[in-house]
Structures are given as C-alpha cells and as structure tokens.
Amino acid sequence: QGLLPTAQNYTILWNSLVKKYNDKRVLATTYLEKLLNIPAVKEPSASNLEDFIDLFSGLTAAIKQLNIENLEDFIFIHIACKKLDMDTIKAFEVSIQDSPDSVDSVKFVEFMRNYSRILQRANGSRSSKINNQINAMPRKPSFVTVNTDKCLLCGDNNHSKLYQCPKYTILDARERY
C-alpha cells in the first residue's frame, strides 16, 4: 500500500500479497461454498451436464490442491459453522488463530463445550444479579379470579361454554369473530 512497485520492493510486495491472499482456509471455504451452491441440473441436457461437470471438477480439484490437513474435518466444521451465530464463529476463529491449519472435529467440539460453559457461567452470574434485584423489589399481593360457571357473552349460569350460548349461535360468522 505504501511501497512503490519497484524491483527492490518486489519481494516485500510479493510476500505481502501471498500472506494476504494465500489463506488456505479462506480459499477452501470459498471453494466449498461454491461447491455446495452449484445450481441443480433441472433438465438433463449435454450442455447442462457439461456445465455441472466443469464446476464440480474445477472446485473439487481446487480444494484438493490446497492440501488441507484433515479435509474431512474441515468440511464437517464448515457445515457446523453454517448453523452457528456469528459471535460463536468469531470466538472459534480467535481460539484457533495460532494453528488454523490443524483444526479437527475433536478440537471443534472441545471448543464448543468450553464456550458453552463460559456462556452458562456468564449468563448465570448476570441472571443471579437480576434475580437479586427482582427479589429486592417490594411486592404487592395480586389476585385474579375467573368465574367459569357463567357464559362470557350473556352471563347466564345455565351454560358455561360460548358455543352453547343461544345469543352466540344465532350470530353469523362475521359477528362471531
């Protein structure tokens, strides 16, 4: 960004670009997303099948060429992360920043268990503060009674169900609503 593209700066610039754009996990995630979102073949024609084959073979070759360690686990974790909220994904990424290329499903599950415990503890301490505040508030007695022996529409004691009320049964559908 601040360096001029000269012969002397070529190595520095090249290394900077490689470091920025040669992130195996980002590339693999991008390819995997494209692979999972290949349009369905709706009509079996030679052209449609060739398009599908080109996309599928190109993306799978690109993923394999990255030589992702534990590719199977990478795919499983990718699918799992699609089901998680962004805060949890960010926390997971922070937890693996020192060794992002050696993540496996065992480490992922271990992280999820630890993160769940952290959230339980954090929410537990917050909810206990709220409960203490609620318990400290003065309370007034409150009683609500409902007499279910009377009709809610006409107040008659002979029927307690609305559908049994003669006044209700003579109403048309719009008036009942």
Side-chain angles (χ1 to χ4, degrees), residues 1-131 134 162-163 172-177:
Q1 194 173 4
L3 292 175
L4 294 174
T6 63
Q8 295 158 329
N9 295 335
Y10 178 80
T11 305
I12 296 168
L13 290 170
W14 179 255
N15 290 339
S16 176
L17 287 171
V18 168
K19 186 176 180 181
K20 182 176 182 177
Y21 294 107
N22 199 26
D23 185 334
K24 283 184 177 185
R25 289 186 62 243
V26 170
L27 291 171
T29 298
T30 302
Y31 296 146
L32 187 55
E33 269 305 299
K34 287 183 179 187
L35 182 65
L36 293 172
N37 293 308
I38 291 177
V41 176
K42 297 188 186 214
E43 188 178 313
S45 68
S47 173
N48 288 346
L49 292 176
E50 285 297 322
D51 289 344
F52 176 83
I53 292 166
D54 288 345
L55 276 169
F56 179 79
S57 61
L59 290 168
T60 54
I63 292 170
K64 288 177 182 178
Q65 188 176 22
L66 292 171
N67 292 321
I68 297 289
E69 201 176 308
N70 300 319
L71 180 59
E72 183 178 270
D73 282 344
F74 175 82
I75 293 170
F76 292 151
I77 293 168
H78 176 79
I79 292 168
C81 284
K82 302 287 286 172
K83 309 296 181 185
L84 297 173
D85 62 285
M86 190 53 70
D87 289 339
T88 303
I89 294 169
K90 287 177 186 177
F92 174 65
E93 288 295 330
V94 167
S95 77
I96 63 168
Q97 68 184 0
D98 292 336
S99 58
D101 294 333
S102 64
V103 177
D104 60 23
S105 57
V106 172
K107 288 179 185 174
F108 177 75
V109 170
E110 183 180 316
F111 163 81
M112 293 300 291
R113 285 201 171 107
N114 289 334
Y115 192 62
S116 174
R117 280 188 214 110
I118 290 168
L119 292 177
Q120 284 175 335
R121 290 175 192 144
N123 287 336
S125 65
R126 185 173 10 154
S127 65
S128 66
K129 284 181 187 177
I130 292 170
N131 287 339
I134 290 171
L162 185 61
Y163 66 87
D172 67 12
R174 276 188 239 132
E175 292 174 317
R176 290 180 184 178
Y177 187 69

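As the structure is a prediction and not an experimental result, all values here were calculated from the model. Quick note: residue numbers are just sequence positions, from 1. Below, all heavy atoms of this structure are taken into account, side chains as well, without hydrogens, waters or symmetry copies.
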[atom2] on [Y] to [atom1] on [X], rounded to 0.5 Å:
X      : Y      : atom1 : atom2 : value
Met112 : Leu119 : CE    : CG    : 9.0 Å
Lys82  : Ile77  : NZ    : CD1   : 15.0 Å
Leu59  : Thr30  : CG    : OG1   : 10.5 Å
Ile38  : Glu33  : CD1   : CD    : 11.5 Å
Lys34  : Thr29  : NZ    : OG1   : 12.5 Å
Leu32  : Ile79  : CG    : CD1   : 7.0 Å

Closest heavy-atom pair and its distance - [X], [Y]:
X     : Y      : value
Asp87 : Tyr115 : O-OH, 3.9 Å
Ala28 : Leu66  : N-CD1, 3.5 Å
Glu43 : Asn48  : O-ND2, 2.8 Å
Cys81 : Ile89  : O-CD1, 3.2 Å

### Query
Can you list every ring pair (Phe, Tyr, Trp, His ring centres under 6.0 Å) pair that touches residues 74-96, not counting sequence neighbours?
Phe92-Phe108, Phe92-Phe111

#### Entry: Side-chain donor or acceptor of Asn9 paired with backbone N/O of Pro5 under 3.5 Å
no

### Summary
With sequence neighbours left out, the residues meeting side-chain hydrogen bond (donor to acceptor under 3.5 Å, both in side chains) with Asp104 are none

## Note on the structure
For Glu69, the salt bridge (charged side-chain N to carboxylate O under 4.0 Å, His left out) test, sequence neighbours excluded, returns none

### Query
Are side-chain heavy atoms of Val103 and Asn70 found at a separation under 4.5 Å?
no

### Query
With a cut-off of 6.0 Å (strictly less than), are more than 12 heavy atoms of other residues, nucleotides or ligands near CD of Gln97?
yes

### Message
Before you tell me yes or no, could you show the steps for Ile96 and Arg25 under side-chain contact (heavy atoms from CB on, under 4.5 Å), namely the whole-Å CA-CA distance, both residues' side-chain angles and the distance that decides it to 0.1 Å?
### Response
CA-CA 12 Å; Ile96 63 168; Arg25 289 186 62 243; 3.6 Å; yes

